[in-house]
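Here's the structure, in structure tokens; my notes come after.
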Protein chains: 2
Amino acid sequence: MTKAIPERGRGRRLPTAEELRIWRDFVETTEALKSRLASRLQIESSLSPGDYVVLLALSEAQDNQMRSSELATHIGWERSRLSHHLGRMERRGLIRRQECATVPRGAEVLLTPTGAEAFRRSTVPHLRAIRELFVDAFTPEQLLAAGETAAALRAHLDTHQEE
Amino acid sequence: MTKAIPERGRGRRLPTAEELRIWRDFVETTEALKSRLASRLQIESSLSPGDYVVLLALSEAQDNQMRSSELATHIGWERSRLSHHLGRMERRGLIRRQECATVPRGAEVLLTPTGAEAFRRSTVPHLRAIRELFVDAFTPEQLLAAGETAAALRAHLDTHQEE
DNA sequence: TGGGCATAATTGACACGTCAACCAGGTTGG
DNA sequence: CCAACCTGGTTGACGTGTCAATTATGCCCA
């Protein structure tokens, strides 16, 4: 059945002009959204999106601290990326790293008072920006549709892992 | 009418948990999509997404060349970003820059045979990847919905320029 | 006992982006 | 005339991300 068109089946088909237009619109727009939010966060709180996710995770963690690789899996980052980022955050006094008592060679990442305060001050403006730039872009139905778009995409990407 | 709830009108409302969930899903997924496509392009053609858009623009340009700042506005990049990127592409022999005859202080960017060939070899695999990773994630209706999501978002971002 | 292995994390090299500063060459107005 | 500005473009500094290599530590087992 799927072989009805022998040499040009689904596996070889290229996107139509319309599909490509949607694709371009989609990437460009999400790109713009990301950068607008990043710049708001930077201006209002002197934090990058990366800083924010790290601070958020630590704020919600037991004792405001977490093992480095747990943190990495929790926020879905590669260890090396996290390591670089923690280095920069440590320089700015937002977090601290110390030897982990229980795990050999483990590093405990912990929120400093400075970091906790920076996060606390950033949340409301950041959430407001998310509402203004993202949520308010849609009607309630459109927002649900956006959620379903994301869900479909995610499911597809998850099942089609790189071989 | 919009003042029905005096002190907590639209201007102050924060996203609900559900809105936030959708938001996070949306950014994370688009992020993953972008990186998956970039890595396919890299593996299959040794090009970055940036390379691709530059090469695409030049391929479609008159005589395979374009003034630097025209190119920048055409693909929607800042001049400085383009300048840096062209430097890297020039090092790899994909493009060349030369003085512009007509415009004082103008730089003409032109496709080299190497660049043209690299682009030619990259298109089909790249389009295929777009179909596999993006288009095939959706039913036709979902794809349209994704297009409308992008359109609504873009319209919103355009009208709400940074003040 | 002493290789090999696995795990946890860091490091270095390099691509990419942004921001601000800078460098030409006009044009323009006091 | 020349200073003030505008345009086109580059540069440097720095934050960010990926990949591959490296370091440190414990474990397993021949």
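Order of the sequence lines fixes the chain letters, A, B, ..., with proteins taken first and strands second; residue numbering starts at 1 for each chain. Given the structure is predicted, the values throughout are model-derived calculations rather than measurements.
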Separation of atom [atom1] in [X] from atom [atom2] in [N], rounded to whole Å:
X: A:I95; N: C:dA9; atom1: CD1; atom2: C1'; answer: 13 Å
X: A:L41; N: D:dG15; atom1: CG; atom2: P; answer: 16 Å
X: A:E108; N: C:dT10; atom1: CD; atom2: C1'; answer: 17 Å
X: B:E31; N: D:dG17; atom1: CD; atom2: C1'; answer: 10 Å
X: B:R97; N: D:dG8; atom1: CZ; atom2: C1'; answer: 13 Å
X: B:R91; N: D:dT11; atom1: CZ; atom2: C1'; answer: 14 Å
X: A:M66; N: C:dA8; atom1: CE; atom2: P; answer: 16 Å
X: B:R36; N: D:dG17; atom1: CZ; atom2: C1'; answer: 18 Å

**Message:** Tell me which residues in residues 44-61 of chain B lie within less than 4.0 Å of DNA chain D, going by non-hydrogen atoms.
**Reply:**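 Within this stretch, nothing sits under 4.0 Å of the strand.
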**Prompt:** Any side-chain N or O of A:R92 less than 4.0 Å from the OP1 or OP2 oxygen of D:dG15?
**Reply:**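 A:R92 to D:dG15 OP1/OP2: no side-chain N or O under 4.0 Å.
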**Message:** Once rounded to the nearest 0.5 Å, what's the spacing between atom CD of A:E44 and atom OG of A:S122?
**Reply:**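 Here the rounded value is 9.5 Å.
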**Message:** If a pair means Watson-Crick or G-U wobble with both distances below 3.5 Å, what does DNA chain D look like in dot-bracket form, with | marking bases paired to a different strand?
**Reply:** ||||||||||||||||||||||||||||||
Return all side-chain donor-acceptor pairs below 3.5 angstrom for residues 149-159 of chain A, not counting sequence neighbours, or 'none' if the list is empty.
from, atom 1, to, atom 2, distance (Å)
A:T149, OG1, A:A145, O, 3.1
A:R154, NE, B:T29, OG1, 3.4
A:R154, NH2, B:E28, OE1, 3.3
A:R154, NH2, B:T29, OG1, 3.3
A:H156, NE2, B:E132, O, 2.5
A:T159, OG1, A:A155, O, 3.1
A:T159, OG1, A:H156, O, 3.0

Quick one: do [X] and [Y] end up in the same hydrophobic cluster if we chain Ile, Leu, Val, Met, Phe, Trp and Tyr together by side-chain heavy atoms under 4.5 Å apart?
X: B:L20; Y: A:L33; value: yes
X: B:L110; Y: B:V53; value: no
X: A:V124; Y: B:W23; value: yes
X: A:L144; Y: B:V27; value: yes
X: B:L58; Y: B:L56; value: yes

Quick one: side chains of residues 79-86 of chain B, donor-acceptor pairs under 3.5 Å with protein atoms, not counting sequence neighbours, listed by atom name and distance.
from, atom 1, to, atom 2, distance (Å)
B:H85, ND1, B:R88, NH2, 3.2
B:H85, NE2, B:D51, N, 3.3
B:H85, NE2, B:D51, OD1, 2.7

**Prompt:** Counting N and O atoms only, with roles assigned by atom type, does the side chain of B:R67 sit under 3.5 Å from a partner on the main chain of B:G106, one being a donor and the other an acceptor?
**Reply:**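 Such a contact is absent between B:R67 side chain and B:G106 backbone.
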**Item:** Those residues of residues 70-89 of chain A lying under 4.0 Å from DNA chain C by at least one heavy atom
**Value:**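 Residues of residues 70-89 of chain A under 4.0 Å from DNA chain C: A:R79, A:S80, A:S83, A:H84.
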**Asked** Can A:E141 and A:T139 be said to form a side-chain hydrogen bond (donor to acceptor under 3.5 Å, both in side chains), step by step?
**Response** CA-CA 5 Å; A:E141 307 82 50; A:T139 64; 3.3 Å; yes
**Item:** Residue list, salt bridge (charged side-chain N to carboxylate O under 4.0 Å, His left out) with B:E78, at least two apart or on another chain
**Value:**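 Not a single residue meets the salt bridge (charged side-chain N to carboxylate O under 4.0 Å, His left out) criterion with B:E78.
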